[in-house]
Every structure is written in structure tokens, then in C-alpha cells.
**Q** 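Following this message is one structure expressed as C-alpha cells.
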Amino acid sequence: MKIYENDSNLILEDVSDFDIEDILECGQCFHFLKIADHEYHICAKGRFLHIKQECGSVNKVIFYNTTISDYEEVWKDYFDMNTDYRHIKKMILSIDDRLETAIRAKAGIRILHQDFFETLISFIISQNKQIPHIKQLVHTLSLRYGTRVDGYDEYLFPAVDKLNDVSVDELKECKVGFRAPYIRDAVSRVYNGDIKEDELKCMSVQDAREKLMTIHGVGEKVSNCVLLFGLGRMDVFPVDVWMKRIMEFMYFGKDTKKEIIESFACEKYGEYAGYAQQYLFHYGRENGIGK
DNA sequence: ATCCAGGAGGGCC
DNA sequence: GGCCCTCATGGA
């Protein structure tokens with residue numbers, strides 16, 4: 001991979017296992033806007049990024065108004081560029097080569113290392129909602145309580161202390177519905193230090209999950225998404241309605257409890273469970289498996 | 001119109 | 001522990 005600055009932009013060339021559309025549209029994040037094919041505005045980690053990919057003979061990714069040090073400090077980790085996805089794919093296929101179709105179809109997926117707090121709130125919102133609605137609500141919260149991006153009509157996700165000033169009634173005005181008290185509890189617990197990102201990162205996965213589930217409105221599935229997308233725990237396997245259908249189709253052939261599916265997948269895929277889950281989720285959803 | 005969505009809480013047994 | 005109902009909102 002080549003990396004260089006050009007006219008205040010940052011360019012990556014010969015990027016392997018990277019497709020900005022696969023990465024953003026696979027359901028792991030909700031705070032982005034599609035400008036054109038393979039061109040997006042992303043709000044993440046308290047920053048804004050205008051990014052474009054040109055999939056010609058050279059796989060070229062343009063980070064607009066970005067320096068190498070911005071990349072090293074923020075985006076390199078965000079896009080999980082320290083992980084060798086060729087190796088990840090090889091290991092998953094050695095466990096079950098039936099994932100080859102899914103991996104080939106979505107070869108450019110990467111698991112984003114997202115901001116913990118935004119991930120927590122976003123996946124509390126996600127319950128019993130479709131992805132476009134989740135994006136809409138994250139946008140509403142950001143528009144009302146977040147910081148405007150200089151020069152763009154985009155708003156960063158609000159910081160903890162900002163959301164801590166927002167009441168349940170005000171949250172309901174944002175149309176989050178019955179999730180308003182859930183969000184309120186999550187914000188309070190993070191704000192008062194009862195829920196600490198650093199502490200969760202030092203805990204075992206089981207302990208961290210139990211701690212997260214003490215938040216009102218955070219159950220098995222939401223906590224697993226927070227662990228995977230917001231805390232970098234790749235050995236978890238969130239099971240939602242889609243993954244349930246996909247896994248039943250692939251492995252069980254009958255109605256099976258989510259807990260059974262989750263423990264089965266974690267044992268089968270081990271440290272690669274989170275990656276396997278994302279390939280399967282994106283591929284299965286686009287192909288309507290089980291519907 | 002009726003059903004369902006990247007679920008979880010609460011009541012009941 | 002398991003089962004069933006409910007929760008607010010919007011799109012198909």
C-alpha cells in the first residue's frame with residue numbers, strides 16, 4: 001500500500017480488502033451520508049471525513065482535507081488498517097469454507113473501531129428498528145445536540161456531557177419512542193463514571209457484557225454489538241433476527257434459540273466470530289436469506 | 001390495513 | 001428459568 005499527501009488530501013493506493021461501500025453499508029455504523037457511488041461523508045470519533053474510493057486498476061482511496069498525522073492518529077485505527085484481512089478470511093474459510101460466497105461477495109468489509117459512547121447509544125436506538133430509521137434517529141440527535149462541522153451541513157454525534165443535559169421528554173421529541181428512558185439511563189451511567197470504557201476494555205468479555213447489561217435497555221444483542229463495534233472485542237457474535245435466520249438456514253435447519261446460535265458460533269469461529277458474523281450478516285441480508 | 005423492524009423489560013407461571 | 005405481551009415509530 002502506498003500512502004501520500006496531495007493537495008491537502010491524503011491518498012492511499014493499492015489498498016487491499018477495503019471497499020468503502022461494503023464497510024459503511026454493512027450495518028455496523030449509522031452516521032454517514034452517501035454523496036455518490038463510493039463517495040461518503042462520515043461522522044465518527046468526534047471528527048468529520050469526506051472519503052472517496054476509485055476502484056480502477058489501482059484501488060485508490062482519497063481522504064479529503066486529511067493529513068498523514070490525522071490518518072495515523074484517527075483513521076488508521078478506525079478503519080482497522082492494522083489487521084490483515086487476508087489472514088482473517090483464510091482462517092474463517094479454514095473453519096468453514098461455505099462462507100466463501102459471502103466473503104467473496106463482500107470482500108471489502110472491515111470492522112470499524114467506533115467510538116464507545118456513540119456505539120452504545122446507537123445500538124440502544126437500534127432495537128426493534130430498521131437500519132434507515134436508526135440512521136435517521138442518530139442524525140436527529142446529532143442535529144439537535146451535536147456540533148456542526150465547519151463548512152458542511154453535517155453534525156457530529158453529541159458528547160456525553162451534552163446529552164446529559166437532555167431530558168427524557170426532550171428525547172421523546174426526537175422520536176426515539178420507548179427508548180428514551182433507556183438512552184437517559186445509558187447517558188447518566190457513562191456521565192457519572194459508573195460505566196467506563198477503559199474499565200470495560202480491561203475486563204473479560206463475560207464481565208464486560210454483564211456490566212453493560214446493567215444499563216436499562218441493554219440486553220444480550222445490544223451489549224454484543226457494543227463489545228464488537230465499540231470496544232474492539234472481535235470474539236463476540238451478535239445474533240439479531242437476521243443472523244438467526246441466516247444461521248438457522250446454514251447450520252440448524254429449524255427454529256433455534258438465539259443463545260444456542262450465539263454459543264455455537266462463538267465456539268466455532270472463536271477469535272474470528274465477529275468478522276464471520278459481519279460477512280454473513282451483510283451477505284445474508286442482501287440476498288434475503290430465510291425470508 | 002396489518003405486519004415487522006440489527007430487542008428488551010416486566011409479569012406470570 | 002421459559003413464555004407472552006408490550007413498548008413508539010415508520011415503512012412496506
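Values reported hereafter were calculated over all heavy atoms of this structure, with side chains retained and with hydrogens, waters and symmetry mates removed. Order of the sequence lines sets the chain letters (A, B, ...), proteins ahead of strands, with each chain counted from 1.
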**Q** Below 3.5 Å, can you tabulate the donor-acceptor pairs from side chains in residues 169-178 of chain A to any protein atom, sequence neighbours excluded?
**A**
| unit_1 | atom_1 | unit_2 | atom_2 | d |
| --- | --- | --- | --- | --- |
| A:E170 | OE1 | A:S167 | N | 2.8 |
| A:E170 | OE1 | A:S167 | OG | 3.3 |

**Q** What residues in residues 175-195 of chain A put a non-hydrogen atom under 4.0 Å from any atom of DNA chain C?
**A**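 The answer is A:K175, A:G177, A:F178, A:R179.
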**Q** Say whether, by atom type as modelled, one donor and one acceptor occur between the side chain of A:Q277 and the main chain of A:P238 under 3.5 angstrom.
**A**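 Yes, because the side chain of A:Q277 sits within donor-acceptor range (under 3.5 Å) of the backbone of A:P238.
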**Q** Listed by chain and number, what are the side chain to side chain contact (heavy atoms under 4.5 Å, CB included) partners of A:M81, not counting sequence neighbours?
**A** A:M1, A:L12, A:V15, A:F18, A:Y71, A:K76, A:F79, A:R110
**Q** Using the ring pair (Phe, Tyr, Trp, His ring centres under 6.0 Å) criterion, which residues pair with A:H282? Sequence neighbours excluded.
**A**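 None.
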**Q** Does anything in residues 277-285 of chain A reach DNA chain B, meaning a heavy atom under 4.0 Å, and if so which residues?
**A** A:Q277, A:Q278, A:F281
**Q** Heavy atoms only, 4.0 Å cut-off, all strands: where does A:K258 land among base, sugar-phosphate and nothing?
**A** nothing
**Q** Please determine which of A:F32, A:Y64, A:F63 meets the ring pair (Phe, Tyr, Trp, His ring centres under 6.0 Å) test together with A:Y40.
**A** A:F32
**Q** For the side chain of A:H38 and the backbone of A:V61, is there at least one donor-acceptor N/O pair under 3.5 Å apart?
**A** no
**Q** Once side chain to side chain donor-acceptor pair (under 3.5 Å) is applied, what residue pairs with a partner in residues 122-145 of chain A remain, sequence neighbours excluded?
**A**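 For residues 122-145 of chain A, and leaving out neighbouring residues, there are no side chain to side chain donor-acceptor pair (under 3.5 Å) pairs at all.
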**Q** I need the CD-C1' distance between A:E262 and B:dG6, as an integer number of Å.
**A**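 Computing the A:E262:CD to B:dG6:C1' distance gives 14 Å.
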**Q** Throw together a table of side-chain donor-acceptor distances under 3.5 angstrom for residues 263-273 of chain A, partners on residues two or more places apart or in other chains.
**A**
| unit_1 | atom_1 | unit_2 | atom_2 | d |
| --- | --- | --- | --- | --- |
| A:S263 | OG | A:E259 | O | 3.1 |
| A:S263 | OG | A:I260 | O | 3.2 |
| A:Y269 | OH | A:Y251 | OH | 2.4 |

**Q** Heavy atoms of chain A, cut-off under 4.0 Å: which first and last nucleotide of DNA chain C, 5' to 3', fall inside that, if you could look?
**A** C:dC3 to C:dG11
**Q** Could you tell me whether A:C26 contacts a base, only the sugar-phosphate backbone, or nothing, with contacts defined as non-hydrogen atoms closer than 4.0 Å?
**A** base
**Q** What residues in residues 130-145 of chain A put a non-hydrogen atom under 4.0 Å from any atom of DNA chain B?
**A**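 By residue number: A:Q130, A:I131.
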**Q** Answer yes when A:R98 and A:D96 have at least one side-chain N-carboxylate O distance shorter than 4.0 Å, and no when they do not.
**A** yes
**Q** Enumerate, atom names and distances included, each donor-acceptor pair closer than 3.5 Å involving a side-chain atom of residues 217-224 of chain A, sequence neighbours excluded.
**A**
| unit_1 | atom_1 | unit_2 | atom_2 | d |
| --- | --- | --- | --- | --- |
| A:S223 | OG | A:G219 | O | 2.8 |
| A:S223 | OG | A:E220 | O | 2.9 |
| A:N224 | OD1 | A:R209 | NH1 | 2.4 |
| A:N224 | ND2 | A:E220 | O | 3.2 |
| A:N224 | ND2 | A:E262 | OE2 | 3.0 |

**Q** Roughly how many Å apart are B:dG11 and C:dA8, using the P atom of each and rounding to a whole number?
**A** 16 Å
**Q** Apply side chain to side chain contact (heavy atoms under 4.5 Å, CB included) to A:S69 and list each qualifying residue two or more places apart in sequence or on a separate chain.
**A** A:T67, A:E73
**Q** Can you list the steps and then say if A:K211 with A:D194 is a salt bridge (charged side-chain N to carboxylate O under 4.0 Å, His left out)?
**A** CA-CA 10 Å; A:K211 180 75 178 180; A:D194 183 23; 3.1 Å; yes
**Q** Check DNA chain B against residues 217-228 of chain A and give the residues with a non-hydrogen atom under 4.0 Å, in numerical order.
**A** A:G217, A:V218, A:G219, A:E220, A:K221, A:V222
**Q** Is it true that a side-chain atom of A:N6 and a backbone atom of A:N9 form a donor plus acceptor pair closer than 3.5 Å?
**A**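 Side chain of A:N6 to backbone of A:N9: no pair is present.
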**Q** Rounding to the closest angstrom, what is the interatomic distance between C:dC3 and B:dG6 at atom P?
**A**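 So the two P atoms sit 24 Å from each other.
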